[in-house]
Amino acid sequence: MIITTVGNVIEMLLKRQETITSDDVKTLLKRASVNISDEELMKALLALEIYKKIHVRRVKREGRDIYQISRRR
């Protein structure tokens, strides 16, 4: 269920922008009252990347890892 929810949120955000970050996804999930840990989010992102739905790239920002998500071409 988490993978589907995260996938739907990512799909909705990618319709508006070319790339998004994992922080954008977490923010929208919090607004929808979906509590998800960083570990669960990473597992969902990995699964969506394996299924070739998205492309994930790790970026260091302010000393922490942030994941940049884009549509698979």
Side-chain angles (χ1 to χ4, degrees):
M1 180 183 138
I2 291 294
I3 294 173
T4 305
T5 305
V6 171
N8 290 339
V9 167
I10 290 172
E11 186 177 319
M12 184 180 66
L13 288 172
L14 285 176
K15 285 182 181 179
R16 298 179 188 164
Q17 301 173 0
E18 191 170 315
T19 60
I20 58 173
T21 64
S22 56
D23 288 344
D24 297 334
V25 175
K26 282 199 71 131
T27 301
L28 196 58
L29 287 171
K30 282 183 184 177
R31 284 186 193 166
S33 299
V34 176
N35 294 325
I36 185 170
S37 68
D38 289 335
E39 185 177 319
E40 288 175 321
L41 179 62
M42 288 313 309
K43 286 180 183 180
L45 292 177
L46 180 62
L48 290 169
E49 189 170 24
I50 288 172
Y51 294 134
K52 300 184 188 245
K53 301 287 184 186
I54 59 172
H55 177 71
V56 180
R57 188 176 79 159
R58 186 173 68 176
V59 178
K60 285 265 191 190
R61 233 188 250 171
E62 300 171 0
R64 63 187 184 104
D65 288 338
I66 295 179
Y67 297 91
Q68 190 175 35
I69 304 163
S70 59
R71 194 173 283 122
R72 187 67 95 151
R73 296 195 166 116

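As the structure is a computational prediction, the values presented were derived from the model and not from experiment.
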Worksheet item: According to a 4.5 Å side-chain heavy-atom criterion applied to Ile, Leu, Val, Met, Phe, Trp and Tyr, with indirect links allowed, do V6 and M42 form part of one hydrophobic cluster?
Response: yes

Response to the item:
In this structure, CG of L45 is separated from CD1 of I50 (nearest 0.5 Å) by 11.0 Å

Discussion item. If you compare all heavy atoms of A44 against all heavy atoms of I2, which two are closest, and at what distance to 0.1 Å?
Written reply: CB-CG2, 4.4 Å

Fill in: Main-chain N/O of T5 paired with N8 side-chain donor or acceptor, under 3.5 Å
no

Discussion item. Taking the basic N atoms (NZ, or NE/NH1/NH2) and the acidic carboxylate oxygens, is any pair closer than 4.0 Å for R64 and D23?
Written reply: yes

Worksheet, complete the sentence: The reported gap from CZ in R58 to OG in S22 (rounded to nearest 0.5 angstrom) is 11.5 Å

Worksheet, complete the sentence: CZ (R71) and CD (E18) are apart, to the nearest 0.5 Å, by 8.5 Å

Worksheet entry | Verify same cluster id: V59, L41 (apolar side-chain graph, 4.5 Å) | no

Item to complete: Identify the heavy atoms of E40 and N35 that sit nearest to each other, and give their distance.
Response: OE1-O, 4.3 Å

Discussion item. With a 4.5 Å cut-off on side-chain heavy atoms, are Q68 and V56 touching?
Written reply: no

Discussion item. Within the supplied structure, the quantity of interest is the number of heavy atoms (other residues, nucleotides, ligands) at a distance under 6.0 Å from R57 CZ; does it exceed 12?
Written reply: no

Worksheet item: Are V34 and L13 in one and the same hydrophobic cluster, where Ile, Leu, Val, Met, Phe, Trp and Tyr link if side-chain heavy atoms are under 4.5 Å apart?
Response: yes

Worksheet entry | Minimum side-chain heavy-atom gap H55-E49 below 4.5 Å | yes

Worksheet entry | Heavy-atom pair of closest approach, residues I69 and L14 | O-CD2, 3.9 Å

Response to the item:
Output for pair (Q17 CD, M12 CE), nearest 0.5 Å, gives 11.0 Å

Worksheet item: Any donor-acceptor pair under 3.5 Å linking the side chain of K26 with the backbone of T21?
Response: no

Discussion item. To the nearest 0.5 Å, what is the distance between CD1 on I20 and CD1 on I10?
Written reply: 5.5 Å

